[in-house]
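In what follows, residues are counted from 1 in the order of the sequence shown.
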Amino acid sequence: MKGFFSISTAIMLSCASFQASSETINYYVIAKQATPFQIESPDKTHKGIVTDIVKAVFNGSKYDIDYHVYPFNRMISLLEQGGEANWITYGSPNWGGVQAENLSEMPIYNVKHSLVTSMNNTFDFNSMKDMDEKVIVLLHGFNYPQLVPYFDNGNVEELRVKDYKAAFRVIKKLPGETAFVEMQSRIKYNLSQQNLDTDAYRIQSFSSVIPDYPIYLAFDPKMDADTQAFINERLKTLKSTGKLDDIIHNYI
């Protein structure tokens with residue numbers, strides 16, 4: 001019995017030591033609007049391009065991932081207030097604010113924007129002049145400084161919707177009058193997920209208005225330097241081994 005007690009005690013002490021050495025990474029997820037970068041399933045499992053990259057970065061390490069899911073504006077508000085210690089999400093210098101303050105050394109993806117119209121009474125897009133007296137549909141919470149002057153001068157009308165389903169419904173209902181502007185990858189992913197006929201929609205490049213740009217992992221500005229160095233080294237390894245591209249190609 002004495003020997004058994006000693007072994008049990010040793011196991012308990014070993015587990016306690018492991019738990020004490022583990023560190024929590026607080027990963028912030030945008031609810032519903034960030035597919036395929038962040039996808040929250042009904043069973044509360046998480047996947048997506050950024051999520052799978054974050055999982056791969058910390059796989060087998062001393063770090064545990066704690067997921068925090070919020071609507072976009074709420075998430076930004078929390079992060080601006082400081083958020084949970086050692087938080088991580090994704091961002092870009094183009095976005096400004098808390099999602100641009102402290103980024104990974106290397107980008108994880110290059111973003112392209114597109115303009116989606118209904119094939120029923122579609123129109124060619126060459127410049128913003130082609131959008132005069134038309135409506136641009138945007139998701140709530142996502143802002144594009146490049147479009148603000150056109151909204152302000154009244155040449156183009158802005159219409160906000162809550163999700164992709166609503167956006168596709170609007171441009172189908174008002175063909176020739178409306179166009180949906182969004183990241184190309186998210187447009188294609190969500191058309192597929194909703195089993196919509198892609199031939200019913202026309203996707204045109206919008207890079208002349210919103211130039212292509214990279215996105216990165218975004219860190220807590222107060223994150224420990226060693227933790228940041230660990231993440232950056234893991235990202236380099238994922239890139240060099242082709243794992244980063246494999247994750248992206250799983251969704252796009």
Do the side chains of Tyr27 and Gln38 get nearer than 4.5 Å, heavy atoms only? yes
Can you list, by chain and residue number, the hydrophobic cluster partners of Leu103 when the side-chain cut-off is 4.5 Å? Tyr216
Asp245: what forms a salt bridge (Lys or Arg N to Asp or Glu O under 4.0 Å) with it, not counting sequence neighbours? Lys239
Check whether any side-chain heavy atom of Phe206 lies under 4.5 Å from a side-chain heavy atom of Leu147, and answer yes or no. yes
Thinking salt bridges, do Lys47 and Glu40 make one under a 4.0 Å N-O criterion? no
Please tell me if the side chains of Asn190 and Thr35 come closer than 4.5 Å, counting only heavy atoms from C-beta onward. yes
With Asp197 via salt bridge (Lys or Arg N to Asp or Glu O under 4.0 Å) - residues at least two apart: none
How would you list, by chain and number, every residue that makes a side-chain contact (heavy atoms from CB on, under 4.5 Å) with Gln184, sequence neighbours excluded? Lys112, Ser114, Lys188
If the condition is side-chain contact (heavy atoms from CB on, under 4.5 Å), which residues does Lys32 pass it with, not counting sequence neighbours? none
Salt bridge (charged side-chain N to carboxylate O under 4.0 Å, His left out) pairs, two or more places apart, involving residues 134-160: Glu158-Arg160
Do any pairs count as a side-chain hydrogen bond (donor to acceptor under 3.5 Å, both in side chains) and have a residue in residues 84-93, sequence neighbours left out, and if so which ones? Ser92-Asn94
Can you list the steps and then say if Leu217 with Glu105 is a side chain to side chain contact (heavy atoms under 4.5 Å, CB included)? CA-CA 9 Å; Leu217 291 184; Glu105 291 178 357; over 6 Å; no
Using salt bridge (Lys or Arg N to Asp or Glu O under 4.0 Å) as the criterion, list what pairs up with Arg234, not counting sequence neighbours. none
Residue pair Asp52, Tyr251: steps toward the side chain to side chain contact (heavy atoms under 4.5 Å, CB included) verdict: CA-CA 11 Å; Asp52 288 358; Tyr251 296 92; 2.6 Å; yes
Enumerate the salt bridge (charged side-chain N to carboxylate O under 4.0 Å, His left out) contacts for residues 72-83, please, sequence neighbours excluded, ordered by first and then second residue. none
Taking side-chain hydrogen bond (donor to acceptor under 3.5 Å, both in side chains) as the cut-off, I'd like each qualifying pair that reaches into residues 163-179, sequence neighbours left out, listed once. Tyr164-Glu182, Tyr164-Arg186
With Pro149, which residues qualify under side-chain contact (heavy atoms from CB on, under 4.5 Å), at least two apart? none
Across all chains, not counting sequence neighbours, the side-chain contact (heavy atoms from CB on, under 4.5 Å) partners of Thr227 are Glu23, Ile25, Tyr63, Met223, Asp224, Ile231
